[in-house]
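Accompanying notes for the structure given below.
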Amino acid sequence: MQVILKNEPLSAISAELTVLFLTKESLETSEYKEKLSKTGFKAEQDEFCILHESALAVCGIEGYDAASLRSAAAAVITKVKTFNYSSLKVAQYFLNNVAALVEGFVMGGYSFRMYKSKPKPVALKEVIFSNDNFNSDAFDFKTLEKDFNDALIVATATNFTRELVNTTPQDLTPATMTVIAEDLASDNGLDCYILDENALEEEKMEAILAVGRASAHPPRLIHLAYKPKNAEKCVTLVGKGLTYDSGGLSLKPATSMVTMKMDKAGACAVLGMMKAVSELKLPVEVHGFIGTAENMIDGSSYKPDDVLKARNGTTIEVRNTDAEGRLVLADVLSYAQDKVKSDYLFDYATLTGACMVALGPYTTGMMGHSDQLKHDLFKATSDSGELLGTLPFNDHLKKLIKSDIADVCNIGSKPYGGAITAALFLDHFITEEMKQKWMHFDIAGPAYTESPWDVYEHGATGAGVRMTVKFLYSLIEK
Ligand code: BES
Ligand code: ZN
Ligand code: ZN
């Protein structure tokens, strides 16, 4: 399915179906009011109605804001894909909401079909955006075109992340992850460095090696770099890439293990971000570091009671092998900070079930030392379509990860505040210089969904990609 923009009024574009978004008020004055009221249409948010004889796909919206239009566009595309129309056209809606509409159509139009032996054919081939405003005064085309193209890049990169996260653990192993990164690097002109097991040993990365030791698919560290000549800032992005998390010897219950292919969502989000920034040609140097491993069981498994020495020399008492993501991140964060001196250090991880308990399944948990940086992130990402919430550090929670025999313990001694104690564990691997520049994003909730919401069908959502790109934009606007 193609999404394109034309510098033409809606009436001049030929398409089989026209989209009309209506608020409750605009329904009252609509020329289709009578026809629509016969169907029972009330213009509730995301309420869809198709008038075949008028070649019209109508959807209710609460208002002309980004969130309402994004969600409604997704509702339209999901429904229209079930009919036999091959093309769809849509006007702009008042404020410059083209990005929200593009996200709605592109992300709402995504469906994961890799493993269907007979995927249902989709008739819809084209979604055409007109330059027309809804009440028909045209936008400045150059500005609109740039916003449209940028939004298309970001939404496509988000779908790329979703496709990777949805791919099964037998098909996406740490070795496959390196191939995907190398392919992305060669397609998009990125530098790419891979550390295999031997290199991880040389780097004394005992933590990531221990997590991956019982797997038939050994761990890897991936470093991608986007270095534009005109870079004004430098940002490091780190992703947790557990291609499967069985829990290890602290085995997950059967029902919790299902969906754990999503434990690579942080890594896949970093890949999507690298794809987006390089295609947007942002004047920001961006480094992506991924630690990828599979947490499995065999005679060589790492164990509760083991003590691991991480790359930065910190010793870790393992009390639960299912708290493996923080071990992988410990080594990767230490490596990333030594390799690149950056202005910001962000990590993305499906790290804790506790984060979902705290914030619900839709919101990313943001944790770090700098209130200013949290404020800047909130401001820059408010209309990104992603939800952010903060969880606060305190010195009492810090004590819960003290170890009697090593420097730090990989789980808290109390069953509360688990998202925060996980972040405080990561803090042991952040250098003094980077403390105020670091932010941890726990995406365990929003990275994957088992029931559709907003622009997401069942499965991966690409959490992290859109909000991070928004933040990167804010750096160049400053
Ligand atoms: N990958 C999981 C976290 C997770 C849980 C992500 C559910 C998405 C959905 C992580 O490795 C994990 O198992 N964390 C444990 C930590 C505990 C052992 C301290 C958890 O959250 O239960
Ligand atoms: Zn785990
Ligand atoms: Zn995990």
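In each ligand, atom 1 is the first atom listed, and ligand 1 is the first ligand listed. Positions are given from 1 along the sequence. In this text, all values refer to a predicted model and were calculated from it rather than measured experimentally.
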Check: Any protein heavy atom sitting closer than 4.0 Å to atom 22 (O) of ligand 1?
Finding: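 For atom 22 (O) of ligand 1 the answer is no, since every protein heavy atom stays at 4.0 Å or beyond.
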
Notebook entry, point to check: Is atom 17 (C) of ligand 1 less than 4.0 angstrom from some protein heavy atom?
Noted result: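 Given the 4.0 Å limit, the answer for atom 17 (C) of ligand 1 is no, no protein heavy atom qualifies.
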
[X] side chain to [Y] side chain, donor-acceptor N/O pair below 3.5 angstrom:
X      : Y      : answer
Glu163 : Tyr110 : yes
Thr161 : Thr158 : no
Asp427 : His369 : yes
Asp171 : Tyr115 : yes
Thr314 : Asp407 : no

Under-4.0 Å salt bridge between [X] and [Y]:
X      : Y      : value
Asp395 : Lys398 : yes
Lys240 : Asp347 : no
Glu206 : Lys309 : no
Asp454 : Arg70  : no

State the atom name: nearest N, O or S atom of [X] to the Zn ion (ligand 3).
X      : result
Asp263 : OD2
Asp245 : OD2
Glu324 : OE2

Check: Can you list the ligand 1 atoms lying under 4.0 Å from a non-hydrogen atom of Glu324?
Finding: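 Near Glu324, meaning under 4.0 Å from one of its heavy atoms, ligand 1 has 11 (O).
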
Check: Which atoms of ligand 1 are found less than 4.0 Å from any heavy atom of Ala444?
Finding: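 This gives 6 (C), 8 (C) as the contact atoms.
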
Notebook entry, point to check: Hey, which of Asn295, Thr350, Thr259 is the one that makes side-chain hydrogen bond (donor to acceptor under 3.5 Å, both in side chains) with Asp245?
Noted result: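 Going through the options one by one, the only one that passes is Asn295.
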
Starting from [atom], what is the nearest protein heavy atom, named by residue and atom, and what distance separates them?
atom                    : result
atom 2 (C) of ligand 1  : Asp245 OD2, 3.6 Å
atom 19 (C) of ligand 1 : Ile411 CG2, 3.5 Å
atom 1 (N) of ligand 1  : Asp263 OD1, 2.8 Å
atom 15 (C) of ligand 1 : Asp322 O, 4.1 Å
atom 8 (C) of ligand 1  : Met262 CE, 3.5 Å
atom 20 (C) of ligand 1 : Gly353 N, 4.0 Å
atom 9 (C) of ligand 1  : Met356 CE, 3.3 Å

Margin query: Evaluate Gly325 for polar contact with ligand 1, using N/O atom pairs at a separation under 3.5 Å.
Written below: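 Min N/O separation from ligand 1 is not below 3.5 Å for Gly325.
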
Notebook entry, point to check: So, is Asn320 polar-close to ligand 1, with some N/O to N/O distance under 3.5 Å?
Noted result: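 In fact, backbone or side chain, Asn320 has no N or O that close.
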
Margin query: Could you check whether any side-chain heavy atom of Asp343 comes within less than 4.5 Å of a side-chain heavy atom of Val235, counting everything from C-beta outward?
Written below: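 In short, these two side chains do not touch, never coming nearer than 4.5 Å.
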
Note to self: Yes or no: does Lys240 have any heavy atom under 4.0 Å from an atom of ligand 1?
What the structure shows: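 The answer is yes, since Lys240 has a heavy atom less than 4.0 Å from ligand 1.
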
Next item on the list: Using a 4.0 Å heavy-atom threshold (strictly under), name the region of Leu351 that reaches ligand 1: side chain, backbone, both or neither.
Entry: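 The part of Leu351 near ligand 1 is the backbone, not the side chain.
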
Note to self: Distance check below 2.8 Å: does Leu351 bring an N, O or S atom to the Zn ion (ligand 3)?
What the structure shows: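 Not a single backbone or side-chain N, O or S atom of Leu351 is under 2.8 Å from the Zn ion (ligand 3).
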
Notebook entry, point to check: Does CG belonging to Asn394 count more than 12 external heavy atoms closer than 6.0 Å?
Noted result: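 Enclosed: over 12 neighbouring heavy atoms sit under 6.0 Å from CG of Asn394.
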
